[in-house]
Number of protein chains: 2
Amino acid sequence: MRKTSLADLPCPIARSLDIVGEWWTLLIVRDALFGSRRYEEFKRIGMGDNILATRLRRLVDAQILCRSRYQRRPDRYEYLLTARGRALMPVIGALRQWGREWTEGNDLSPTVIHDACGHEPHVEVRCSDCDREVTMAELRPIPAQGG
Amino acid sequence: MRKTSLADLPCPIARSLDIVGEWWTLLIVRDALFGSRRYEEFKRIGMGDNILATRLRRLVDAQILCRSRYQRRPDRYEYLLTARGRALMPVIGALRQWGREWTEGNDLSPTVIHDACGHEPHVEVRCSDCDREVTMAELRPIPAQGG
DNA sequence: CAGGTTCACTCCAATATTGCAAGTGACTAA
DNA sequence: TTAGTCACTTGCAATATTGGAGTGAACCTG
């Protein structure tokens, strides 16, 4: 009776959530994307030590983060995002935009900027074919392809 | 000792996750975006009845879904996405793209198409100022604005 | 050099959530 | 009459989360 694994489902959304869909996990990814590296930095998010330690272990196992020594005597480690982890930026960006538009409260969290021009980027849905931005009303569901 | 609420944090990402960050919830949103409406349809996702019923109730309370009667004697209800719920498409799209690129397995899930041209859209990070697509390497974290 | 502090954890007990199975109630179809 | 559908509810055991205390190595303070 373990918590149901979504890892083997034939759906990339489910497989993503199997890795980053547990409580607290995407907030760790958020902070990593916004510059946090050390255990003590991630602790400020607000979860207990045991949760943080197990989440970090899972994220390292899943190759979202990698554990790297930054000091000897005593050995201390920090957690750096891998390419796989950095690729989660659109997920975090989409959640941030949704929260800004549809929830109440302020936004004291850090952010990222486009290095070249210094401005904040946004996430958008764009048609791969006609290359125009697509609104939610222009989207039409099509039936399952077999499962 | 309830599960910690993220609803009151000064971060839109945390507030979003408070609403849709529980286990199974985004898979319900996925199916709703891809056309599911009825309890029995959502049940195929694979969760138990008690979980499904409580998740649907939470999503209705959060105004992601609305419960609408589609039959009398006996009264039966279906769950329809609100505008607030439809606005979660970029989150689902970003998770899907990440899962396609970074996890192994096939994709038998349904999809959506751009109604005007019939092609599948994608999610991208684009600079609000210079209006170019931004790669993960071009993003730079900047420090917290106060909390 | 005793005592306190930092950092990155581990361990424990109480409570909450999840998983699974079975049951319910209002019908309809055979 | 019996079975089936649909949208749930209830109960119990297994697992996860919470919050706090403890650990160990090394530094810093007087």
Side-chain angles (χ1 to χ4, degrees), chain A residues 1-9 14 17-29 31-32 35-62 65-81, chain B residues 1-9 14 17-29 31-32 35-62 65-81:
Chain A
M1 266 197 213
R2 274 186 75 82
K3 188 148 140 185
T4 310
S5 168
L6 310 174
D8 302 320
L9 295 176
L17 290 170
D18 188 73
I19 297 170
V20 298
E22 288 180 303
W23 205 240
W24 296 114
T25 299
L26 277 169
L27 294 182
I28 295 172
V29 172
D31 278 20
S36 292
R37 300 171 163 213
R38 305 228 178 131
Y39 188 93
E40 290 286 305
E41 291 180 284
F42 292 116
K43 253 208 84 161
R44 285 184 223 130
I45 298 171
M47 77 205 95
D49 281 302
N50 49 355
I51 305 288
L52 177 54
T54 55
R55 291 292 188 275
L56 288 173
R57 216 176 298 136
R58 275 212 73 190
L59 287 169
V60 169
D61 289 349
L65 298 174
C66 88
R67 192 165 177 265
S68 140
R69 191 177 55 221
Y70 69 91
Q71 174 190 289
R72 274 196 174 286
R73 274 164 294 128
D75 288 359
R76 293 272 163 76
Y77 298 88
E78 61 185 1
Y79 296 88
L80 306 175
L81 278 169
Chain B
M1 264 202 213
R2 272 188 76 83
K3 187 148 137 184
T4 312
S5 168
L6 309 175
D8 303 319
L9 295 176
L17 290 170
D18 188 72
I19 297 170
V20 297
E22 288 180 303
W23 206 240
W24 295 115
T25 298
L26 278 169
L27 293 181
I28 295 173
V29 172
D31 278 21
S36 292
R37 298 169 164 215
R38 305 226 179 132
Y39 188 94
E40 289 287 305
E41 293 179 283
F42 292 115
K43 252 207 87 163
R44 286 184 221 129
I45 298 170
M47 77 205 95
D49 282 302
N50 49 351
I51 307 288
L52 177 55
T54 54
R55 290 294 186 274
L56 288 173
R57 215 174 299 134
R58 273 213 74 188
L59 287 170
V60 170
D61 289 350
L65 298 174
C66 87
R67 192 164 178 266
S68 141
R69 190 176 55 222
Y70 70 92
Q71 174 190 291
R72 276 197 172 283
R73 275 164 293 128
D75 287 359
R76 293 272 163 76
Y77 299 88
E78 60 185 3
Y79 296 89
L80 306 174
L81 277 170

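Per chain, numbering begins at 1; letters A, B, ... match sequence-line order. All values below were derived from every heavy atom in this structure, side-chain atoms included, with hydrogens, water molecules and symmetry-related copies excluded.
In this view, A:R72 and A:D75 satisfy the salt bridge (charged side-chain N to carboxylate O under 4.0 Å, His left out) rule, not counting sequence neighbours. Listed by chain and residue number, B:W24, B:M47, B:R55 satisfy the side chain to side chain contact (heavy atoms under 4.5 Å, CB included) test with B:I51 (two or more places apart in sequence, or in another chain). Applying the side chain to side chain contact (heavy atoms under 4.5 Å, CB included) criterion to A:D31, with sequence neighbours excluded, gives A:S36, A:F42, A:I45.
Heavy-atom neighbours of A:D8 CG from other residues, nucleotides or ligands within 6.0 Å: at or below the threshold of 12.
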Scan nucleotides 12-17 of chain C against the protein and return all N/O pairs shorter than 3.5 Å with their distances rounded to 0.1 Å.
unit_1 : atom_1 : unit_2 : atom_2 : d
C:dC12 : N4     : A:N50  : ND2    : 3.3

Between the protein and nucleotides 28-30 of chain C, are there any N/O to N/O pairs under 3.5 Å, and if so, what are the atom names and distances?
none

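For the pair A:W23 CH2 and D:dT17 P, the computed distance is 11 Å after rounding to whole Å. The OH-P distance, from B:Y77 to C:dC27, rounds to 12 Å in whole Å. Between B:R76 atom CZ and D:dT5 atom P the separation is 12 Å, expressed in whole Å. Rounded to a whole Å, the CG atom of A:L52 is 9 Å from the C1' atom of C:dA8. Distance B:D18 CG to D:dT17 C1': 15 Å, rounded to the nearest Å. As rounded to whole Å, 14 Å separates atom P of D:dT17 from atom CG of A:L27. Across the protein-nucleic acid pair, A:E78 atom CD and C:dC7 atom C1' stand 13 Å apart, rounded to whole Å. Separating the CZ atom of B:F42 from the C1' atom of D:dC8 is a distance of 15 Å, rounded to the nearest angstrom.
Distances shown here put every side-chain N or O of A:Y39 at or beyond 4.0 Å from the OP1 or OP2 atom of C:dT10. The shortest distance between the side-chain N/O atoms of B:Y70 and the OP1/OP2 oxygens of D:dA7 is below 4.0 Å. Put simply, B:R57 has a side-chain N or O that comes within less than 4.0 Å of OP1 or OP2 on D:dT9. For B:R67, a side-chain nitrogen or oxygen approaches OP1 or OP2 of D:dC8 to under 4.0 Å. Regarding contacts with the backbone of C:dC9, every side-chain N or O of A:R38 stays at 4.0 angstrom or more from both OP1 and OP2.
If you check every strand for non-hydrogen atoms under 4.0 Å, B:T4 touches sugar and phosphate atoms only. Residue contacts shown for B:Y79 are limited to sugar-phosphate atoms, with no base heavy atom under 4.0 Å away.
Closest to the side chain of B:A53, from the set C:dC7, C:dC9, D:dT9, is D:dT9.
Pairs engaging residues 38-50 of chain A under the side chain to side chain donor-acceptor pair (under 3.5 Å) rule: A:Y39-A:D49, A:K43-A:D49 [sequence neighbours left out].
Residue A:A14 comes nearest to A:L6 through the heavy atom pair O-CB, 3.4 Å, listed as atom of the first residue, atom of the second, then distance. Taking all atoms of both residues into account, the shortest heavy-atom contact from B:I28 to B:L59 is CG2-CD1, 3.7 Å.
Between A:D75 and A:S5, the residue whose closest nucleotide on DNA chain C is further toward the 5' end is A:D75. DNA chain D is contacted by both A:D49 and A:W24; A:W24 maps to the nucleotide lying nearer its 5′ end (nearest heavy atom per residue).
Residues B:Y77 and B:R69 have side chains in contact (heavy-atom distance under 4.5 Å, counting atoms from C-beta outward). Side-chain contact between B:L65 and B:L80: absent, with no pair of heavy atoms (C-beta onward) separated by less than 4.5 Å.
To the nearest 0.5 angstrom, B:L26 atom CG is 8.0 Å from B:L17 atom CG.
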